[in-house]
Peer 1: 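Right, I'll just put the structure down here and ask away after.
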Amino acid sequence: MSELSKNYEPKQYEDEIYKKWEESGFFVPENLPNTKGRYVNLLPPPNANGEMHVGHASGYVVMDLLGRYHRMKGEKVLLLPGKDHAGIQSQVVYEKKIKKERGISRHDLGREKFYEEIFAFCKDRAQYMRSQEKKIGLSADWNREKFTMDPDLVNIVLETFVAMYNEVDKKGNRMIYRGDRIINWCPRCATALSDVEVEHEEQITKLYTFKYNQDFPFAISTTRPETKLGDTAVAVNSKDKRYKKYIGQEFKVDFVGVPLTIKVIADHEVDMDFGTGALGVTPAHSAVDWEMAQKNNLPIIKVIDEQAKIYSGFGKFSGMKAGEARVAVVEALRESGLLEKEEDYPNNLSICERCKTPIEPLVSKQWFVNVDHANFSLKKAARKTIEKEEIKIYPERFKDVMLSWIDNVRDWCISRQIWWGPRIPVWYKGEEMMASVDSPGAGWKQDEDTFDTWFSSGQWAYSTLGYPNGKDYKEFYPSDTMIMGRDILPFWAFRMIILSLYRTGKAPFKNLYFTGLVRDEKGQKMSKSKGNGIEPIEIINKYGTDAVRLSLLIGNTPGNDLNLGEQKIAGFRNFTNKLWNISRFVLLSIENPNIDVERPKAKTLADEWILGKLGMVIYHTTDALENYQLSFAGEKLREFTWDDLADWYLEIAKIEGGKSEMLNYILNVILKLWHPFMPFVTEQIWEEIYGADKMLMVEKWPICHPERSEGSLKQFELLQSIIIGIRSVRADKKIEPAKKINVVISAGKQAELLEENREIIEGMARLESLAIAPKVEKPDNSVGIVVGSCEVFIDLAGLIDATKEKARLEGEIKALEGYVAGLKAKLTNPEFSQKAPPAVVEKERAKLKEAEEKIEKIKGQVSSI
RNA sequence: GGGUGUUUAGCUCAGUUGGUUAGAGCAUCGCGUUUACAUCGCGAGGGCCGCAGGUUCGAGUCCUGCAACACCCACCA
């Protein structure tokens with residue numbers, strides 16, 4: 001066994017350790033010896049076009065922590081990694097790339113070539129991302145890594161489509177149907193978007209109030225005059241007296257040169273106080289209006305096409321860009337004196353989540369999933385699953401968020417007009433149409449559209465396992481835990497649940513854990529443009545992976561955002577080093593490290609105390625991990641390691657000596673407990689102790705010894721209080737640390753205990769001499785402090801200012817008297833003694849007694865000054 | 001407009017089913033190189049637990065209202 005270096009240098013060890021783990025084969029569940037039970041975690045696939053950011057890292061750390069914990073518990077652990085093809089986003093990224101590098105567009109390549117190239121591009125990026133994921137210590141089975149565009153996964157996705165398409169109810173409605181519906185259209189991406197792919201951005205726009213023509217009886221207001229070319233109605237509130245008489249009437253108008261037929265309809269959604277209280281209904285370009293049109297059987301007139309240009313048939317406006325048409329329409333209205341008002345108005349502009357281009361709502365032929373189909377209602381099935389807690393959600397409050405999402409979900413538009421993604425398996429031949437994974441034969445032409453990415457990733461829970469006949473599917477479905485960012489609840493969690501329920505009949509996982517977002521130390525969102533981001537690889541190189549892992553785990557709770565600054569990471573780097581040095585000390589102190597160490601018998605009070613504490617920390621850590629309280633587990637461990645072990649027990653070990661067995665055992669246990677949190681440093685120490693052939697990663701998780709040792713805990717705490725009390729007086733009186741002092745303790749019944757542990761007090765408080773007796777009068781020139789039932793007199797020859805000392809003690813008495821008064825008031829209150837549980841009353845009595853005794857003792861000291 | 005969360009020390013946050021005189025880390029201040037560690041040790045200061053009510057013997061903790069901030073959903077054209 002070689003001596004450890006003074007400081008832990010992560011860079012020196014991490015890559016080697018990871019290699020060792022990987023080569024051991026233990027990331028592969030089948031290679032784990034003697035497993036009992038299984039633990040499966042399918043890792044959420046990040047987009048295969050980028051790189052790992054700190055948000056990903058934060059998720060991986062949680063997944064890996066749980067994976068490593070369960071592996072040490074002896075379970076057959078599978079962490080299955082993968083990548084998502086991220087349809088629109090990857091296509092946008094790759095189009096930019098070929099534009100920049102080769103000056104070409106996807107049309108220059110053609111669909112097939114473009115597809116091949118982007119596939120290769122994603123595979124290449126995936127490899128790079130994998131190397132980053134290894135840096136964070138992810139113990140995933142890389143042999144099983146999946147990509148949503150791998151042919152076998154695509155096949156399962158297509159089969160799902162066909163099955164849903166063939167799900168027909170008695171009325172002939174399909175679960176997947178094609179229809180003209182209003183959708184969110186991104187003119188830049190030239191594709192439909194689902195509701196969740198649209199963001200909103202506040203802006204100031206103009207609100208125009210005008211009349212269609214001179215003959216129209218009243219004015220309407222709009223922010224989008226160009227769409228008014230497609231108005232087929234005006235909606236008013238049925239309670240509105242101004243317009244009641246017009247309801248049901250039809251007006252033929254000439255609107256800036258375009259003939260329109262406007263029907264006046266009533267709708268309770270119309271706000272009488274907004275604008276003129278009359279709303280021009282444009283069914284083809286507003287989701288709300290479209291619904292009104294459905295209810296009222298209004299004709300639908302498309303005005304804006306998929307390039308965001310005005311269709312032909314609208315006079316001089318035809319062919320204009322929507323923006324130009326807006327100016328032109330307003331100008332025409334102004335010229336003819338129909339424009340009544342023009343005012344600034346703040347509203348939310350819909351923009352494309354991927355490219356930030358303003359969305360055009362328009363009517364288009366798309367594929368939809370009916371989420372409430374008569375044969376199998378996806379939303380009802382999902383609701384039941386969540387309500388019955390077949391999936392347990394962390395944090396619990398997200399259950400309600402999920403339920404309200406389920407309740408409000410609308411039919412899901414799954415077709416996208418892009419090239420990158422699985423192509424919709426519907427085939428056409430003349431008037432015929434059929435759904436089929438493979439081409440039905442010659443003459444059949446496949447649908448041009450591809451799937452919404454979430455239709456693929458929504459099947460991740462079983463497509464990665466080879467549904468329905470794969471060995472993995474049979475063994476590992478459903479998985480135990482799914483961990484994802486809280487921002488993708490509506491995108492992914494919900495979709496994964498509905499698709500899995502439909503396809504497999506089972507919920508996809510048992511536990512669903514949401515992480516929050518990682519923000520900078522001021523709580524700002526990290527972004528490249530602000531330059532406030534933390535690059536995981538950069539920061540790992542600086543502080544080590546373990547420090548980064550700890551700073552993402554401790555002080556982080558499910559569903560809540562985490563503010564992360566470099567200082568915090570530096571703090572945990574310090575802790576990593578602390579653990580290293582604890583080990584270093586232990587290795588210098590013990591004779592023959594034994595890997596199969598049994599819990600030793602306590603020889604001293606300190607031994608008994610630390611074993612009790614260790615037992616507690618095993619219990620708390622295990623319990624917290626079982627309940628997904630990861631931060632709590634880490635905090636308890638840190639508290640034990642630094643405060644109890646390093647600051648007290650190791651110092652005492654130097655004094656008492658003969659701790660070989662004890663230290664061997666304690667280090668052995670805490671390395672195991674820490675391993676899931678900080679795998680690298682613990683594994684390296686393990687190797688230094690036990691040699692390269694023993695691997696901590698697959699050691700057995702420590703068992704908690706349930707015996708309690710309340711007595712030794714209390715006794716040891718008395719020692720601690722005495723030592724801290726003396727140290728405090730020393731610091732207060734500015735006694736040099738090197739100077740040893742004399743102390744006398746009037747110890748009452750505790751005399752024997754203190755006598756047994758006199759070495760500890762002498763050593764820890766740096767004493768010259770210590771006298772212990774049941775009853776001692778306060779020596780001259782000493783300062784007295786009361787600790788529990790003991791009085792500790794510290795000899796301060798020549799350093800005492802009698803007046804100051806008296807004032808200090810009197811101040812203390814005064815504070816105590818206030819405290820006592822409060823306790824007395826509480827205890828003499830009959831309501832308290834009657835209604836409070838006896839244990840609580842008893843506790844208060846004890847407190848009172850103790851405080852009163854303390855006052856007496858201090859009074860005694862005052863009188864002796 | 002609807003919803004969720006947050007509000008505790010200068011900063012970041014714990015505070016488990018209501019029950020000690022409310023805790024930690026970082027930062028600050030003082031002292032210090034005792035043979036594991038200065039990426040360290042010892043000590044100290046620092047809090048009307050957002051505001052106002054209520055329930056209770058007892059509230060940081062439960063209820064109601066309000067405020068500020070953050071986020072999500074819907075979107076009044």
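Throughout, a chain's letter reflects where its sequence line sits, starting with A, and its residues are numbered from 1.
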Peer 1: For the C1' atoms, the ones on B/C37 and on B/G45, what distance do you get once it is rounded to whole angstrom?
Peer 2: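 Taking atom C1' in both B/C37 and B/G45, they lie 27 Å apart.
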Peer 1: Between A/E717 and A/K714 (salt bridge meaning N to carboxylate O under 4.0 Å), is one present in this structure?
Peer 2: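 Salt bridge between A/E717 and A/K714, a charged N being under 4.0 Å from a carboxylate O: no.
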Peer 1: First and last nucleotide of RNA chain B touching chain A, 5' to 3', heavy-atom cut-off 4.0 Å?
Peer 2: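 Here the contact window of chain A covers B/U4 to B/A77.
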Peer 1: Salt-bridge test for A/E812 and A/R808: reply yes if a basic N is under 4.0 Å from a carboxylate O, no otherwise.
Peer 2: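 Answer for the salt bridge query: yes.
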Peer 1: Can a salt bridge be assigned to the pair A/K847 and A/E850 using a cut-off of 4.0 Å between side-chain N and carboxylate O?
Peer 2: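 A/E850 and A/K847: not salt-bridged.
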Peer 1: Near RNA chain B, under 4.0 Å by heavy atom, which residues of residues 544-560 of chain A?
Peer 2: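 Result for residues 544-560 of chain A: A/T557, A/N560, sorted by number.
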Peer 1: Before accepting this row, confirm whether a basic side-chain N of the pair A/E688/A/R584 lies closer than 4.0 Å to the acidic partner's carboxylate O.
Peer 2: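 Salt bridge flag = no for A/R584 with A/E688.
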Peer 1: Walk me through whether A/W412 and A/F494 qualify under ring-ring contact (aromatic ring centres under 6.0 Å, His included).
Peer 2: CA-CA 12 Å; A/W412 168 20; A/F494 170 66; 8.0 Å; no
Peer 1: Using the P atom in both, what is the distance from B/A67 to B/G47, to the nearest Å?
Peer 2: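 29 Å, rounded to whole Å.
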Peer 1: Distance from A/F572 atom CZ to A/D546 atom CG, nearest 0.5 Å?
Peer 2: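 A/F572 CZ to A/D546 CG: 12.0 Å, rounded to 0.5 Å.
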Peer 1: One thing to verify: whether A/E226 and A/R326 come together as a salt bridge, which I'm taking to mean a side-chain N less than 4.0 angstrom from a carboxylate O.
Peer 2: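 Answer for the salt bridge query: yes.
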Peer 1: Using every non-hydrogen atom in the two residues, find where A/G763 and A/I655 come nearest and quote the distance to one decimal.
Peer 2: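 Heavy atoms of A/G763 and A/I655 come nearest at CA-CD1, 3.8 Å.
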Peer 1: For B/U56 versus B/G43, give the span between their C1' atoms, rounded off to a whole number of Å.
Peer 2: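 These two C1' atoms come out 41 Å apart once rounded.
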Peer 1: Quick one: stems involving RNA chain B, counted as three or more successive Watson-Crick or G-U pairs, both distances short of 3.5 Å.
Peer 2: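 Stems (3+ consecutive pairs) listed as B:1-7 with B:67-73, B:10-13 with B:23-26, B:28-32 with B:40-44, B:50-54 with B:62-66.
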Peer 1: Decide, yes or no, whether a salt bridge links A/E639 with A/K613 under the criterion of side-chain N to carboxylate O below 4.0 Å.
Peer 2: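 Salt bridge: no.
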Peer 1: Does the ring centre of A/F680 sit less than 6.0 Å away from the ring centre of A/Y8?
Peer 2: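 That pair fails the under 6.0 Å test.
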